[in-house]
Amino acid sequence: MLPALMSKLQLKKQLFTARHELLKRYLASLDTLMGQNLLQAPLMAIDLEMTGLDPLTDQILSIGIIPIINGQLRLDSAEHKFLQIDGSVGDSAAIHGIMDNHLDDGLSLVQAMNWLLEQCQGKVLVAHHGPLDVKFIQQGLRQVFGESVSLPVIDTLTTERKRLLRQHEMIQEGALRLGACRARYHLPVYNAHNALVDALACGELFLAQSQAIGDPSRLKLSDIMVWL
């Protein structure tokens, strides 16, 4: 079955089962994108910082988003939000540098999920190691709206793995980390573990990959998008 048709069927399935109006509106806004050219489709580079790696026990601390419109990162529309959490950031502060006082004026989880769906209307997510970020978003949506939902995403890590395997390259440990992937495209080094900076790094990597994996004018969004 063609990827575009598979994406259409998956989207119809999600629309049929979704109950909350904002969630249905987000999914419906994706309908016209499924067959679009990859670099013409509106996208949203995204990154999350969390207290850990388990969406069932850990919490989202911050979300960074940057729209990608017509193959360009829209830095003028970039946003970064802190979230309030239950308890303390604990030892995870050593990784991301977020302290408890940074979250004092943060969004509640309800506010954050509503804000995220509003900002992502008509845009497919782009993330590095997308399944991890998406699982936390899905858990947040489940807590706020009481619904389980699959989401479409372009995962730059998966794209890079496939590209390396097509070139018969051995994938060494650490070779698929965001910084290592960027280095192969001669992209600049950024400080990691800030959600907005990592969203920018992911968006730039995606644009570089789009040029490397084929003629961008012939690539469809559905060719590399997956439902998670």
Legend entry - Residue pair E118 / Y26, side-chain donor-acceptor N/O under 3.5 Å: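 Side-chain D/A pair, E118 to Y26: absent.
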
Examine distances only and state if a side-chain atom of [X] and a backbone atom of [Y] form a donor-acceptor pair shorter than 3.5 Å.
X: D100; Y: S88; value: no
X: Q121; Y: L117; value: yes
X: D58; Y: L53; value: yes
X: E49; Y: L61; value: no
X: D198; Y: H193; value: yes
X: D223; Y: L219; value: no

Is there a path of hydrophobic side-chain contacts, each under 4.5 Å between heavy atoms, that joins [X] and [Y]?
X: Y190; Y: Y185; value: no
X: I46; Y: I68; value: yes
X: I98; Y: M50; value: no
X: V153; Y: F206; value: yes
X: I69; Y: I66; value: no

With a 4.5 Å limit on heavy-atom distance, are the side chains of [X] and [Y] in contact?
X: I154; Y: L125; result: no
X: P42; Y: Q36; result: yes
X: L48; Y: L132; result: no
X: S62; Y: L196; result: no
X: I63; Y: L83; result: yes
X: V226; Y: T158; result: no
X: L116; Y: I65; result: yes
X: P188; Y: R182; result: yes

Which distance, rounded to the nearest 0.5 Å, do you find between the [atom1] of [X] and the [atom2] of [Y]?
X: Q59; Y: Q139; atom1: CD; atom2: CD; answer: 10.5 Å
X: C181; Y: Q209; atom1: SG; atom2: CD; answer: 7.0 Å
X: Q138; Y: M113; atom1: CD; atom2: CE; answer: 11.0 Å
X: T156; Y: E204; atom1: OG1; atom2: CD; answer: 12.0 Å
X: S150; Y: L27; atom1: OG; atom2: CG; answer: 9.5 Å
X: I171; Y: L176; atom1: CD1; atom2: CG; answer: 5.0 Å

For the student: nearest non-hydrogen atoms of [X] and [Y], plus distance:
X: A208; Y: L187; value: CB-CD1, 4.3 Å
X: M44; Y: P67; value: SD-N, 3.5 Å
X: R19; Y: K24; value: O-CD, 3.8 Å
X: S29; Y: G122; value: OG-N, 2.6 Å
X: Q14; Y: V149; value: OE1-CG2, 3.1 Å
X: A199; Y: G64; value: CB-O, 3.6 Å

Residues, nucleotides or ligands: over 12 heavy atoms within 6.0 Å of [X] [atom1]:
X: D76; atom1: CG; result: yes
X: E79; atom1: CD; result: yes
X: E173; atom1: CD; result: no
X: R184; atom1: CZ; result: yes
X: D104; atom1: CG; result: yes
X: R74; atom1: CZ; result: no
X: N101; atom1: CG; result: yes

Inset, instruction - Check step by step if side-chain contact (heavy atoms from CB on, under 4.5 Å) holds for C202 and D47. - result: CA-CA 8 Å; C202 173; D47 186 77; over 6 Å; no

Ion pair [X]/[Y], N-O distance below 4.0 Å:
X: K8; Y: D31; result: yes
X: E147; Y: R142; result: no
X: E160; Y: K162; result: no

Inset, instruction - Mind telling me whether H102 and F82 have parallel, tilted or perpendicular rings, with 30° and 60° as the class edges? - result: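 Ring orientation of F82 relative to H102: parallel.
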
Legend entry - Evaluation steps, side-chain contact (heavy atoms from CB on, under 4.5 Å), between V89 and M99: CA-CA 7 Å; V89 300; M99 309 301 289; 5.6 Å; no

Inset, instruction - In sequence, state the C-alpha distance, the side-chain angles, and the governing distance for L221 and L43, and then conclude on side-chain contact (heavy atoms from CB on, under 4.5 Å). - result: CA-CA 10 Å; L221 174 63; L43 308 171; 3.8 Å; yes

Legend entry - Worked verdict on V144 versus L141 for side-chain contact (heavy atoms from CB on, under 4.5 Å): CA-CA 5 Å; V144 171; L141 295 174; 6.0 Å; no

